[in-house]
Amino acid sequence: MSSPRDLEENRENEPLLASRPNVVEDAADDASTQAVASRTSGQSNRPVDAQLDREIHLEFGGPIGVSFMMLFFPTLMYYFWICIEFNDGHLEHPDSFGNIKSWFQDNLLRVAEHACPNWFAIITYTAFTVVQFALAAVMPGPVVKGMPVPSLGFKQLSYLCNGVACWYATLILSAVLHFTGVLSLGRIIDNFGPIMTVSVIAGFAITIATYLYAVLSGDTHRMSGYMMYDMFMGAVLNPRVLTVDLKMWAEIRIPWVLLFYLTVSAAVKEHETTGSVRPEVWFMVLAHFLYVNACMKGEECIPTTWDIFYEK
């Protein structure tokens, strides 16, 4: 039971309680004000965004630099393949200056004999690419809005981020193919050289086809005027086939998944030949699995990145 003193204190505090501002309403008002300010600020920055989107900056050493890179990096891939395939992982080099010419000739012969595309490499790589594209087009997933694109009147494109569903569907499909004997995963590492050659040819073919499509259709963006540079950097800002954004699809759906299966294939091949798998091989399988898994789970963050918004 309240004492007379307590009742008196409550009556004294009533004016203070009545005059106290509503914290919840103030927080809502502040959030609304900040949202309006953010939208206003974003709209006021649009002229600057549009100007930056049109500016051309030659990167990677310009046309000469990118032309060198397009030739050097595939050559470097073949060099490392030769080191692994024919020199037990050690760096391959001529014994003396006098043997440089014969060393180059021998290695070119190795590439021609052991890395030339075969039917297994062509069918496997093509089927893998087609399946990944089909999964990207039909599998369920959240739809994420990208950044406002200045060249499209600041329109926000939609991106179907179904990487997780495609990733686990790929794992299930590959397991079924392997354990039913339709496609032994160990054969992938046996055909590493031919598959690498097919992928290099496919990469150049898609690059040239995309460039020609952009030029012939007029759907080019931020062109430098140097053919090799524009081909390397890209000519289309938002290349799409059906619902699939080719830039986002090519960023994680092909290279990292293929790397994972190369590692899995090495583990399967080692088990087939020795009856066991070394811990370091298991470690690489786990590392590549976790990396691909993280890429797919974080795919929703890609549409708002610089790679998609600005780079071609």
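A quick note: this is a predicted structure, and the numbers were derived from the prediction, not measured.
In the displayed structure, Phe154 atom CZ is contacted under 6.0 Å by more than 12 heavy atoms of other residues, nucleotides or ligands. No more than 12 heavy atoms of other residues, nucleotides or ligands lie within 6.0 Å of CZ in Phe104, so this atom counts as exposed by the packing criterion. Heavy-atom contacts from other residues, nucleotides or ligands closer than 6.0 Å to CH2 of Trp103 number more than 12. Within a 6.0 Å sphere centred on CE of Met227, heavy atoms belonging to other residues, nucleotides or ligands number 12 at most. Dense packing is recorded around OH of Tyr310, with more than 12 heavy atoms of other residues, nucleotides or ligands lying under 6.0 Å away. In this structure, Leu58 places its CG atom where more than 12 heavy-atom neighbours from other residues, nucleotides or ligands lie under 6.0 Å away. Heavy-atom neighbours of Tyr213 OH from other residues, nucleotides or ligands within 6.0 Å: at or below the threshold of 12.
Residues Met147 and Met248 fall into different hydrophobic clusters, defined by Ile, Leu, Val, Met, Phe, Trp and Tyr side chains chained together at heavy-atom separations under 4.5 Å. In terms of hydrophobic clustering, with Ile, Leu, Val, Met, Phe, Trp and Tyr side chains grouped at heavy-atom distances under 4.5 Å, Leu185 and Leu259 are assigned to a common cluster. In this structure, Val215 is a member of the same hydrophobic cluster as Leu237, with clusters built from ILVMFWY side-chain heavy atoms closer than 4.5 Å. Hydrophobic clustering (side-chain heavy atoms under 4.5 Å, transitive across Ile, Leu, Val, Met, Phe, Trp, Tyr) groups Val264 together with Leu183. Residues Val285 and Leu258 fall within the same hydrophobic cluster, defined by Ile, Leu, Val, Met, Phe, Trp and Tyr side chains chained together at heavy-atom separations under 4.5 Å.
Between Tyr125 and Ile254, the closest side-chain pair of non-hydrogen atoms falls below 4.5 Å. Annotation: side chain of Leu135 is not in contact with side chain of Trp167 (no heavy-atom distance under 4.5 Å). Under the 4.5 Å side-chain criterion, counting only non-hydrogen atoms from C-beta, His221 is not in contact with Asn238. The side-chain heavy atoms of Thr207 and Tyr211, taken from C-beta on, include no pair separated by under 4.5 Å. Between Ser276 and His271 the shortest side-chain heavy-atom distance does not fall below 4.5 Å. Met196 is listed as a side-chain neighbour of Met77, based on a closest heavy-atom distance under 4.5 Å.
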**OP:** Start with the C-alpha distance between Asp190 and Lys269, add both sets of side-chain angles, then the distance that settles salt bridge (Lys or Arg N to Asp or Glu O under 4.0 Å), and finish with yes or no.
**Re:** CA-CA 8 Å; Asp190 287 336; Lys269 189 64 178 180; 3.0 Å; yes
**OP:** Begin from the C-alpha positions of Leu246 and Phe133 and carry the test side chain to side chain contact (heavy atoms under 4.5 Å, CB included) through to its verdict.
**Re:** CA-CA 9 Å; Leu246 295 182; Phe133 182 87; 4.1 Å; yes
Original post:
Which is it for Met228 and Met70 under the side chain to side chain contact (heavy atoms under 4.5 Å, CB included) test, yes or no, and what are the steps along the way?
Top reply: CA-CA 9 Å; Met228 295 303 292; Met70 284 192 284; 3.2 Å; yes
**OP:** Decide side chain to side chain contact (heavy atoms under 4.5 Å, CB included) for Asp307 and Lys247; before the verdict, give the C-alpha distance in whole Å, the side-chain angles of both, and the deciding distance to 0.1 Å.
**Re:** CA-CA 8 Å; Asp307 294 356; Lys247 282 197 301 184; over 6 Å; no
**OP:** Assess whether side chain to side chain contact (heavy atoms under 4.5 Å, CB included) is satisfied between Glu272 and Val268, documenting all intermediate values.
**Re:** CA-CA 6 Å; Glu272 290 175 350; Val268 171; 3.5 Å; yes
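Of the possible donor and acceptor atoms, none in the side chain of Asn99 sits under 3.5 Å from a partner among the backbone N and O of Ser102. A distance-only check finds no donor-acceptor pair linking the side chain of Ser158 to the backbone of Val143 [under 3.5 Å]. Side-chain N or O atoms of Lys312 include none that pairs as donor or acceptor with a backbone N or O of Met233 at under 3.5 Å. In this structure, Asp230 contributes its side chain and Ala235 its backbone to no donor-acceptor pair below 3.5 Å. Looking at Tyr229, its side chain never comes within 3.5 Å of a backbone N or O of Ser67 through a donor-acceptor pair. Of the possible donor and acceptor atoms, one in the side chain of Ser174 sits under 3.5 Å from a partner among the backbone N and O of Leu171. Checking side-chain atoms of Thr273 against main-chain N and O of Glu270 turns up a donor-acceptor pair under 3.5 Å. Looking at Ser265, its side chain never comes within 3.5 Å of a backbone N or O of Tyr261 through a donor-acceptor pair. Side-chain atoms of Asn162 do not come within 3.5 Å of backbone N or O of Pro140 as any donor-acceptor pair. With Tyr79 contributing its side chain and Glu92 its backbone, the two residues share a donor-acceptor pair below 3.5 Å.
Here CD of Glu300 is found 14.5 Å from OH of Tyr159. Values are rounded to the nearest 0.5 Å. For the atom pair Thr304 OG1 and Lys145 NZ, the distance stands at 13.5 Å (nearest 0.5 Å). Between atom CH2 of residue Trp256 and atom OH of residue Tyr291 there is a gap of 4.5 Å, rounded to the nearest 0.5 Å. Rounding to the nearest 0.5 Å gives a distance of 10.5 Å between CG of Leu212 and OG of Ser217. Put simply, CD on Glu311 and CD on Glu251 are 9.0 Å apart, with the number rounded to the nearest 0.5 Å. Distance CD1/Ile82 to CG/Asn107: 4.0 Å, rounded to 0.5 Å.
Across Cys166 and Ala136, no two heavy atoms sit closer than the pair SG-N, 3.7 Å. Smallest separation of non-hydrogen atoms from Val66 and Glu59: CG1-O, 4.2 Å. Closest heavy-atom contact between Thr220 and Ala214: CG2-O, 3.3 Å. Taking all atoms of both residues into account, the shortest heavy-atom contact from Val144 to Cys161 is CG2-SG, 3.8 Å. For Val236 against Thr210, the heavy-atom pair with the smallest separation is CG2-O, 4.2 Å. Annotation for Ala115 and Tyr78: closest pair CB-CE2, 4.1 Å, computed over non-hydrogen atoms.
Between Trp81 and His114, the ring planes are tilted. Angles from 30° to 60° get that label.
Here the options are Ile195, Ile122, Asn191, the test is side-chain contact (heavy atoms from CB on, under 4.5 Å), and the partner is Pro117; only Ile122 passes.
A donor-acceptor contact closer than 3.5 angstrom links the side chains of Glu55 and His57.
Arg253 has a carboxylate O that lies under 4.0 Å from a charged side-chain N of Glu299, or vice versa, which qualifies the two as a salt bridge.
A ring-centre distance under 6.0 Å is not found for Trp282 and Phe289.
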